[in-house]
Number of protein chains: 2
Amino acid sequence: MRGLHADTGYLLYRLGLRSGQLFNGFLQESGLRLRHYALLRFLATSGGALQRELSTTLGYDPSAIVGLVDDLEKLGFAERRPSPDDRRSRIVVLTEGGRGFLRDTDEAGLRVTNELLGPLNPAERDALHTLLLRIAEDGLS
Amino acid sequence: MRGLHADTGYLLYRLGLRSGQLFNGFLQESGLRLRHYALLRFLATSGGALQRELSTTLGYDPSAIVGLVDDLEKLGFAERRPSPDDRRSRIVVLTEGGRGFLRDTDEAGLRVTNELLGPLNPAERDALHTLLLRIAEDGLS
DNA sequence: AACAACTATTGACGTCGCCAATTATTGCTC
DNA sequence: GAGCAATAATTGGCGACGTCAATAGTTGTT
């Protein structure tokens, strides 16, 4: 009979939970959660996005995006702007406050990842990241 | 600025979600969820366990274990037996029905993992599993 | 005998993923 | 160009989940 951790899928599930907990722990003091952080980071790389794009890229339900952007607007980290081509859409952009927040927390985020990947040396971390990326690109985002 | 998937921790979080969804999808028809399946599989390897052991090993809250074992008892896949040494404890054991269920679904579980790890060849899957196991053993279960 | 520690259980709270419905707007098509 | 399907954002609801507090019963210790 196969053991509990004999299955890679189950391992991924459990480690994903643990990773989310660690991230949320470090974000706790700022009042944000992992979802907000992911959204901010994506905005930083894209320069601005429709909420629909955020939904498909981040994999969150459109209804979830609404609340997340609401929260970020309240904190002054992002804002909604009307889309010139399509009045149904809103373009979400990072504000200067949001950029500052990312700068301040970037190092802390790395610390969390370090804690998570504790027993792995740099080469192994690279290998793991590459493998996960391959899986992620197949069917995800 | 680091990209969205530049962080291994976030990748793990997202893939963990996806893995859980896949597993739950395949379990849907049986009325169970991933948590039940993990519990059954652990029982199969251990031969029987106190609920407290299940809680620490699987990482679920003790209160969650109660409901899971309730469900499995209703389906006749497991049962609670009094512990001879300690009347506070109950020993949860797999029934013949539970063993049969595991036999029937074992192959389907492998299919899910195959789907998840689609783009990886066997050697890569081994490497990934080994790396994840190393992380898991550090602080988890 | 009294008290701290532990097991299982119940209940509550907030978050999350998912789905349905609604409103405003756009694009298609006839 | 009038009618209609499709789309974007939003609201609300439902079940599952992680977490914590509280309780009853039991054990071990001192």
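Just so we're on the same page: letters track the sequence lines, and every chain starts at 1. Atoms considered below: every heavy atom in the structure, side chains included; atoms not considered: hydrogens, waters and symmetry mates.
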Does anything in residues 43-67 of chain A pair up under salt bridge (Lys or Arg N to Asp or Glu O under 4.0 Å), and if so which pairs, sequence neighbours excluded? none

Measure the distance from CG on A:Leu34 to C1' on D:dC17 and round it to the nearest whole Å. 16 Å

Would you tell me if any nitrogen or oxygen in the side chain of B:Arg33 comes within less than 4.0 Å of OP1 or OP2 on D:dG15? no

Tell me which residues in residues 81-92 of chain B put a heavy atom below 4.0 Å from DNA chain D, sorted by number, or none. B:Asp86, B:Arg87, B:Arg88

Residues at least two apart in sequence or cross-chain that pass salt bridge (Lys or Arg N to Asp or Glu O under 4.0 Å) with A:Arg88, listed by chain then number, are A:Asp86

Taken to the nearest whole Å, CG/A:Leu22 to C1'/D:dT19 is 16 Å

Of the non-hydrogen atoms in A:Tyr60 and A:Ser55, which two are nearest, and what is the gap between them? O-OG, 2.7 Å

For B:Gln21 and B:Leu50, take the nucleotide of DNA chain C holding the closest heavy atom to each; which residue's nucleotide lies nearer the 5' end? B:Leu50

Sequence neighbours excluded, the answer for side chain to side chain contact (heavy atoms under 4.5 Å, CB included) partners of A:Asn121 is A:Ala123, A:Glu124

Quick one: which residue pairs count as a ring-ring contact (aromatic ring centres under 6.0 Å, His included) with a foot in residues 114-136 of chain B, not counting sequence neighbours? none

Round to a whole Å and report the spacing from CG of A:Leu27 to P of C:dC16. 11 Å

With B:Arg81 via side chain to side chain contact (heavy atoms under 4.5 Å, CB included) - residues at least two apart: B:Glu79, B:Val93

Atom CZ of B:Arg52 to atom P of D:dT26: distance rounded to whole Å? 19 Å

Please tell me which of A:Ala49 and A:Leu17 maps to the more 5' nucleotide of DNA chain D, matching each residue to the nucleotide holding its nearest heavy atom. A:Ala49

Could you state the atom-to-atom distance from CZ of A:Arg80 to C1' of C:dA24 in whole Å? 15 Å

Residue set satisfying salt bridge (Lys or Arg N to Asp or Glu O under 4.0 Å) with A:Asp70, at least two apart, ordered chain then number -> A:Arg80

Using heavy atoms and a sub-4.0 Å distance, could you list which residues of residues 60-76 of chain A are near DNA chain D? By number, please. A:Pro62, A:Ser63, A:Val66

Strictly by ring-ring contact (aromatic ring centres under 6.0 Å, His included), give each pair with a member in residues 71-107 of chain A just once, sequence neighbours left out. A:Phe77-A:Phe101

B:Leu54 CG to C:dC6 P: how many Å, rounded? 19 Å

Nearest-Å distance for atom pair CZ/P, residues B:Phe23 and D:dC17: 14 Å

How are the rings of B:Phe26 and B:Tyr37 set relative to one another: parallel (under 30°), tilted (30 to 60°) or perpendicular (over 60°)? perpendicular

Nearest whole Å is fine: how far is D:dA16 C1' from B:Asn24 CG? 9 Å

